[in-house]
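Side-chain atoms are counted along with the backbone in the values below, which use heavy atoms only and exclude waters and symmetry mates. In what follows, every chain begins at residue 1, and chains take the letters A, B, ... in the order their sequences are listed.
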Amino acid sequence: MPDQERRHTIAVLVDNEPGVLARVIGLFSGRGYNIESLTVAEVDEANGLSRINIVTTGTPLVVEQIRSLLAKLVPVHRVLDLTLSGTHVERELALVKVSGDRERLIEALRIADFMHARLVASSPKSLVFEATGGPDELDAFIELLRPIEVSRAGIVAIGRGDAVLSTDRLKSEQTNPKPMSVKKASER
Amino acid sequence: MTAQTLAPAARASQALTGSQVVLKALVEQGVEVIFGYPGGAVLPIYDAIFQQSELRHVLVRHEQAAVHAAEGYARSTGKVGCVLVTSGPGATNTVTGLTDALMDSVPIVCLTGQVPTHMIGNDAFQEADTVGITRPCTKHNYLVKDPSGLARTVHEAFHVARSGRPGPVVIDLPKDILMGGAPYVARDEVRHRTYHPVRDPEEARIEQAVDMLLGAERPIIYAGGGVVNSGPRACQLLTEFVRETGFPVTLTLMGLGAYPATDRQFVGMLGMHGTYEANLAMHGCDVMLNVGARFDDRVTARLDGFSPASKKIHVDIDPSSINKNIPVDLSIVGDCERTLTALIAAWRRRANQHESSRTRAWWGQIDEWRKTDSLRFRQQGEVIKPQFAIQRLYELTLDREVYVTTEVGQHQMWAAQHFKFEKPLRWMTSGGLGTMGYGFPAAMGVQVAHPEALVVDIAGEASWVMNMQEMSTCIQYRLPVKSFILNNSYMGMVRQWQDFFHGSRHSESYMESLPDFVKLAEAFGAVGLRAEKASDLDDLIKEMIRVDRPVIADIVVDRAENVYPMIPGGAAHNEIRLSPPDDGEHMPISEKGMVLV
Ligand SMILES: Cc1ncc(C[n+]2csc(CCOP(=O)(O)OP(=O)(O)O)c2C)c(N)n1
Ligand SMILES: [Mg+2]
C-alpha cells in the first residue's frame with residue numbers, strides 16, 4: 001500500500017558537534033514532517049559520535065525522503081531505517097509519580113511489582129517509579145497506574161542479529177532508492 | 001585575554017593570524033576574486049586583503065548583490081564563488097542570495113564576520129545568530145570557535161560547496177579568531193570525515209536503463225541544471241548520447257545550453273512556459289530519461305496528470321531528489337558526467353539492438369506538434385513586442401561570446417524561449433527561488449570572470465531597480481554590463497496572473513514613478529539608451545554592444561503582452577494554452593490550481 005502511513009524508527013549516527021541536533025530537527029520542521037520521539041546521546045566518545053533515534057510516521061515516499069535528507073546532512077555518518085531493515089528492539093524509560101492515600105499507594109506498588117517497575121523515590125503521600133519497556137508496555141503501565149506526573153525518555157532502538165550500525169559503511173543504507181510502484185492517475 | 005593582545009603575540013611567533021590563514025586557504029582553493037562589503041567584525045580580514053596581491057576584492061553596494069555576483073561568477077565558470085561580509089546586518093543581507101544559491105545548486109562559500117567568541121550570545125552590537133539564521137538556507141554552515149580548526153574548516157567548506165549537489169556554505173568567523181594566531185593546514189591534509197557523495201553509477205542500473213531505452217517507442221530525454229553543474233564535458237556527453245540514440249531532448253530552465261538549442265532533436269524548454277511539443281512529448285512518452293533535473297513543480301504541472309504512461313529513469317547526484325515529487329521506476333544515483341559516460345558505453349555495446357525505425361512515428365507526431373509554432377508572436381507596427389526585442393538581441397549578437405542573465409518575470413520567460421544557447425555556462429537565471437534583483441549583480445559577477453565577453457542582463461524594470469545600486473560597482477571596476485530592460489511599466493508577470501486569475505484587478509502591479517533610466521545611467525556615469533519604436537531597436541542594440549561601458553538600455557515594450565504557452569496552475573501538460581482566452585472566456589483554472597503559486 002504505497003500511500004499508507006506507517007511508523008518508522010530511524011537510527012542516525014552523527015558527529016557530536018554543536019548544532020547537529022538543530023539540523024536534524026530543522027529538517028523535520030522545515031519540511032513539515034512529524035517527530036513522535038527523538039533521543040540523542042553520545043555513544044562513541046573516542047570518535048566523537050552521537051546516536052539519534054527518531055520515530056516518525058509517513059508514507060513510504062515521505063520516509064524515503066526523510067532518510068535521504070538525513071543522509072545528506074554533512075555531519076551525518078549513517079542512517080538506518082530500523083523498521084525496514086529486519087527486526088529490532090525498542091525500549092523506553094519512564095519515571096512516573098503517583099500520589100494519594102495509603103490505599104492508593106499500596107495499589108500502585110502492586111501494579112508496579114506486576115509490571116517490573118522499580119520504586120526510586122518515596123514520600124508519605126507519593127511514590128516515583130522507574131519503568132522500562134517497549135513503548136506499548138509503558139503506555140499500558142501508565143494507563144493502569146494513573147500517575148499525576150510522567151517523564152518519558154523517548155525511544156532508543158537497536159537492530160537484532162549481528163549487523164552493526166557503525167561508521168564504516170555508506171551513509172544511507174540504500175544509495176539508490178527502490179523503485180516505487182507507479183500508479184496510474186485514475187487510481188489516486 | 002582579548003583579541004588585541006593575541007595578535008602581536010601571533011606575529012612574534014612568526015605564526016599567521018586567523019585572517020591570513022583564511023586568505024591563504026582561499027588562495028589554495030583557487031579563489032581569485034571575492035565579492036564583499038566591509039564592517040567592524042571583518043576589519044582584520046580587510047586589513048589582510050590590503051596587504052596582499054593574490055586575491056582580488058570587488059566591493060559591491062549591498063551584500064545580497066555580493067552573493068548574486070558570486071553566483072554569476074560560479075555559474076559562468078564552474079568554479080566556487082566567494083563572498084565576504086560583516087556580522088549582523090551584513091550577514092542577514094546575504095540570506096536571499098544564499099537561499100537562491102541553495103535552490104539552484106550554486107557552489108558558494110560565504111565568509112561572515114561575527115562578534116568575538118566571548119561576546120556571542122550577549123546581544124552584542126551587530127551580533128546575529130548567523131549559523132541559526134542560515135542553517136535552512138545553506139548546504140552547510142560553520143561557526144569557528146577554535147583557531148586550530150580554522151584552516152580545516154575553510155578547506156572543508158569548499159569541498160562541501162562543490163561536491164555532490166553543489167550549494168552555498170557559510171563560515172561564521174568571530175573577530176578574535178581572525179585576529180589571534182592560527183596554524184595553517186594545507187588542503188591536501190584535509191579529508192572530510194563524512195561527506196563523500198556517490199559519483200559512480202551502479203553498472204547494473206545502467207544496463208537496466210539501456211534495456212528500457214532500447215525498447216522505447218516514444219522516448220524523451222529530459223535534462224536539467226545538474227548536467228550543467230557536472231561540467232561542459234557532461235553537456236558534450238549528453239549531446240553525444242542524444243545524437244546516438246536519435247531521441248528527442250527537452251531542457252529545463254536551468255538546463256538551457258546543456259544541449260545546442262538550434263539542433264533538430266531539441267524540442268525546446270518544457271514546463272509552465274515551455275513549448276507545446278516539449279510538454280506534449282513529456283505527456284505522451286513511454287520512456288523518460290531524466291538527467292540532472294528534479295521534477296520541479298514548474299516542470300511537472302499537476303502531479304497526477306504528469307506523463308501518465310511512461311516508465312521513468314532518474315539520474316541524479318542527490319538521492320533526496322529521487323522519488324520526491326514523482327515516483328520513478330529506475331533511479332541512478334551518480335554524477336551526470338560519469339553516468340552519461342557509462343550510458344554511452346553500454347548503449348554502444350548494444351548498438352546492434354537499436355532500431356531507429358521504432359521511433360519514426362513518434363518523431364512524426366512531434367513534428368506535427370512543432371507545426372503549432374507555440375512561441376510565435378507578431379511584431380506589427382512600431383510598438384515593440386518584448387519577444388521581438390530579445391530575438392533581435394539574439395540575432396545581432398550571434399557572432400559574439402554572449403553571457404545572458406535575467407531578472408524574474410515575463411522577460412525571463414521570453415529570454416528562455418527566444419534566446420538560443422548553444423553552449424553551457426552562458427545562461428544564468430534565478431530558477432528555484434525566482435529572485436527579482438538577481439540578474440544585474442549576477443551579470444556583474446559574470447563580467448568579472450569574463451572581462452572580454454558581452455554580458456547582458458535581460459531585465460524587467462521592476463526587478464532591475466531592486467539591485468540598481470550595483471551600477472556604482474560596475475562603474476568602479478569598469479564592468480561594461482548591459483542592462484537590457486524590457487520596460488512594460490508593470491510587474492508584468494503579476495499583471496498577467498491578475499488578468500488571468502483575478503478578474504484583471506491590477507492591484508499594486510503598476511510601476512508608478514519609475515526613474516528616467518537614461519538620466520539614471522548618466523547620474524551613475526554609465527550610458528543610457530532608449531528605444532520606443534521597433535525601427536529604433538537595431539540601432540540601439542548595435543550601439544549598446546559598441547560602447548565599452550556599462551549601459552542601461554530602456555526598451556519601451558508593449559504593456560499588454562502575455563507569456564505563452566502557459567500551463568495554468570493545477571492543469572496537466574496536455575492542458576497547455578497556446579493563446580489568450582477568447583473574449584469573455586477566462587483562463588480555465590480549478591480551485592485547487594488557484595492556491596498554487
Ligand atoms: C524579490 C521578489 N519579490 C517579488 C516577486 C514576485 N514577482 C514575480 S515576477 C514579478 C514582477 C516582475 O516585474 P518586472 O521585473 O518588471 O518583469 P516583467 O514581468 O514585467 O517582465 C514579481 C513582483 C519575486 N519574484 N521576487
Ligand atoms: Mg515589467
*Compute the ring centroids of B:His196 and B:His159, then answer whether they are less than 6.0 Å apart.*
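Close enough - the centres of the two rings lie under 6.0 Å apart.
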
*What residue in B:His192, B:Arg135, B:His314 has the most heavy-atom pairs under 4.5 Å with chain A?*
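Highest number of pairs under 4.5 Å: B:Arg135.
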
*Give the member of B:Val131, B:Ile332, B:Asp318, B:Asp316 that has the highest number of heavy-atom pairs under 4.5 Å with chain A.*
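Top count of heavy-atom pairs under 4.5 Å with chain A: B:Asp318.
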
_Under 4.5 Å from any heavy atom of chain A - which part of B:Arg165_ =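 The side chain, not the backbone.
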
*Can you tell me how far CG of A:Leu73 sits from NZ of B:Lys139, rounded to the nearest 0.5 angstrom?*
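Going from NZ on B:Lys139 over to CG on A:Leu73, the span is 11.5 Å.
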
*Given A:Ser126 and A:Ser123, is the side-chain hydrogen bond (donor to acceptor under 3.5 Å, both in side chains) satisfied, shown in steps?*
CA-CA 5 Å; A:Ser126 72; A:Ser123 78; 2.8 Å; yes

_Would you say that more than 12 heavy atoms from the other residues, nucleotides or ligands in this model lie under 6.0 Å from the CZ of A:Arg31, or not?_
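Open.
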
